[in-house]
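Shown next, in structure tokens, is the structure this report addresses.
As the structure lists them, so they are numbered: ligands from 1, and atoms in each ligand from 1.
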Amino acid sequence: MSTVHIYDHPLIQHKLSIIRDKNTSVKEFRESVSEISSLMCYEATRDLETEEIDIETPVGPAKVRQLAGKKLAIVPILRAGLGMVDGIISLIPSAKVGHIGLYRDPETLEPVEYYCKMPPDIANRDVFIVDPMLATGGSASAAITFIKKRYGCTRIRLLNLIAAPEGIARIQEDHPDVDIYVAAVDEKLNDHGYIVPGLGDAGDRIFGTK
Ligand code: PRP
Ligand code: URA
């Protein structure tokens with residue numbers, strides 16, 4: 001069973017309160033999504049491997065630790081996942097970014113793929129799939145299935161800002177090997193598959209399309 005990590009750090013909760021507010025501007029929404037993504041990335045990378053190396057400080061030799069092990073790939077689910085990328089690569093500039101385009105069919109709520117471009121060596125990377133919302137879990141589950149089957153990825157984590165219990169259950173059922181990192185787990189989904197209370201349509205709020 002995958003583990004669900006809930007990051008209820010006060011800074012994350014404060015910024016989450018900003019993006020939940022329907023009166024928040026597009027600019028502040030986008031900036032806050034990026035900041036929360038950085039803070040969550042900081043926590044979610046706590047277990048990355050490091051190795052000891054020798055360097056010279058201006059005062060003398062020192063043994064220091066640098067990142068080792070597999071390299072990272074960030075995979076935003078388009079569109080809304082794009083809003084999380086800058087905040088993450090500001091901390092990990094060497095990460096490669098793959099894109100997967102999925103939208104939810106408004107009738108069936110099933111994900112439909114429309115774009116995919118991954119780094120060629122993605123199978124050898126630790127992959128962070130990012131999307132602000134985990135609602136039914138259909139989009140994230142399809143994205144994970146896709147990169148497992150087409151690219152052979154084996155080390156995958158899922159980062160979301162807000163999740164519904166239904167979405168978490170779906171990922172745990174479909175992908176028990178994938179850990180989930182969220183800032184909040186909300187009450188439920190409504191009849192249109194929106195998270196309640198959630199924050200509305202993340203893509204529209206990041207890009208100002210409604
Ligand atoms: C939203 C969101 C997720 C998906 C979550 O995207 O960003 O990708 O819905 O819902 P699910 O867990 O039920 O699949 P949307 O389909 O609205 O597309 P957009 O990012 O282009 O706005
Ligand atoms: N997608 C969103 O953008 N918001 C939701 O609440 C559910 C799916």
Legend entry - Pair T24-R205, side-chain hydrogen bond (donor to acceptor under 3.5 Å, both in side chains): steps then yes or no: CA-CA 9 Å; T24 294; R205 297 198 63 191; 4.6 Å; no
Inset, instruction - Could you tell me whether some N/O pair between G193 and ligand 2 is separated by less than 3.5 angstrom? - result: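 No; every N/O pair is 3.5 Å or more apart.
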Inset, instruction - Mark yes or no for whether S32, through its side chain, and E28, through its backbone, hold a donor-acceptor pair below 3.5 Å. - result: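 Answer holds: yes.
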Inset, instruction - Keeping the roles fixed (side chain from H9, backbone from L11), state whether a donor-acceptor pair exists under 3.5 Å. - result: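 Yes.
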Just to confirm my output: which protein heavy-atom neighbour is closest to [atom], and how far is it?
{"atom": "atom 21 (O) of ligand 1", "value": "R79 NE, 3.0 Å"}
{"atom": "atom 4 (C) of ligand 1", "value": "S139 OG, 3.6 Å"}
{"atom": "atom 18 (O) of ligand 1", "value": "L102 O, 4.3 Å"}
{"atom": "atom 8 (C) of ligand 2", "value": "R104 NH2, 3.6 Å"}
{"atom": "atom 5 (C) of ligand 1", "value": "M133 O, 3.6 Å"}
{"atom": "atom 5 (C) of ligand 2", "value": "Y194 CD2, 3.4 Å"}
{"atom": "atom 3 (O) of ligand 2", "value": "A202 N, 2.8 Å"}
{"atom": "atom 6 (O) of ligand 2", "value": "I195 N, 2.8 Å"}
{"atom": "atom 10 (O) of ligand 1", "value": "R104 CD, 3.2 Å"}

Inset, instruction - Could you check L159 against I88 for side chain to side chain contact (heavy atoms under 4.5 Å, CB included), going step by step and ending with a plain yes or no? - result: CA-CA 11 Å; L159 255 73; I88 295 176; 4.1 Å; yes
Inset, instruction - For the pair S141 and D174, evaluate side-chain hydrogen bond (donor to acceptor under 3.5 Å, both in side chains) and give the outcome as yes or no after the intermediate values. - result: CA-CA 7 Å; S141 181; D174 294 354; 2.7 Å; yes
For ligand 1, which atoms sit closer than 4.0 Å to a heavy atom of [X]?
{"X": "A80", "result": "7 (O), 20 (O)"}
{"X": "G203", "result": "22 (O)"}
{"X": "Y103", "result": "16 (O)"}

Inset, instruction - State whether any protein heavy atom lies less than 4.0 Å from atom 8 (O) of ligand 1. - result: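 Flag for atom 8 (O) of ligand 1 set to true, protein heavy atom closer than 4.0 Å.
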Inset, instruction - Report the member of P132, S139, G200, G203 with the shortest heavy-atom distance to atom 2 (C) of ligand 2. - result: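 Selected option, by shortest heavy-atom distance: G200.
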Inset, instruction - Show your working on side chain to side chain contact (heavy atoms under 4.5 Å, CB included) between V33 and L161 and close with a plain yes or no. - result: CA-CA 8 Å; V33 166; L161 305 192; 4.1 Å; yes
More than 12 heavy atoms of other groups within 6.0 Å of [X] [atom1]:
{"X": "K71", "atom1": "NZ", "value": "no"}
{"X": "Y103", "atom1": "OH", "value": "no"}
{"X": "E173", "atom1": "CD", "value": "no"}
{"X": "D191", "atom1": "CG", "value": "no"}

Inset, instruction - Determine whether the side chain, the backbone, both or neither of A135 has a heavy atom under 4.0 Å from any heavy atom of ligand 2. - result: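 It is the side chain that touches ligand 2; the backbone stays farther off.
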Inset, instruction - Could you give me the CA-CA distance, side-chain angles and deciding distance for I77 and L82, then say whether side chain to side chain contact (heavy atoms under 4.5 Å, CB included) is met? - result: CA-CA 7 Å; I77 300 178; L82 285 177; over 6 Å; no
Report the part of [X] (side chain from C-beta onward, or backbone N, CA, C, O) that has a heavy atom under 4.0 Å from ligand 1; answer both or neither where that applies.
{"X": "D131", "value": "side chain"}
{"X": "D201", "value": "side chain"}
{"X": "A202", "value": "neither"}

Legend entry - Same cluster (ILVMFWY, side-chain, under 4.5 Å), L189 and V4: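 No, no single cluster joins them.
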Legend entry - ligand 1 N/O within reach of G137 N/O, cut-off under 3.5 Å: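 Such a contact does occur with ligand 1.
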Inset, instruction - Report yes if A140 has an N/O atom closer than 3.5 Å to an N/O atom of ligand 1; otherwise report no. - result: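 Among all N and O atoms of A140, none is under 3.5 Å from an N or O of ligand 1.
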Legend entry - Working for side-chain hydrogen bond (donor to acceptor under 3.5 Å, both in side chains), residues D86 and S34: CA-CA 6 Å; D86 282 357; S34 186; 5.8 Å; no
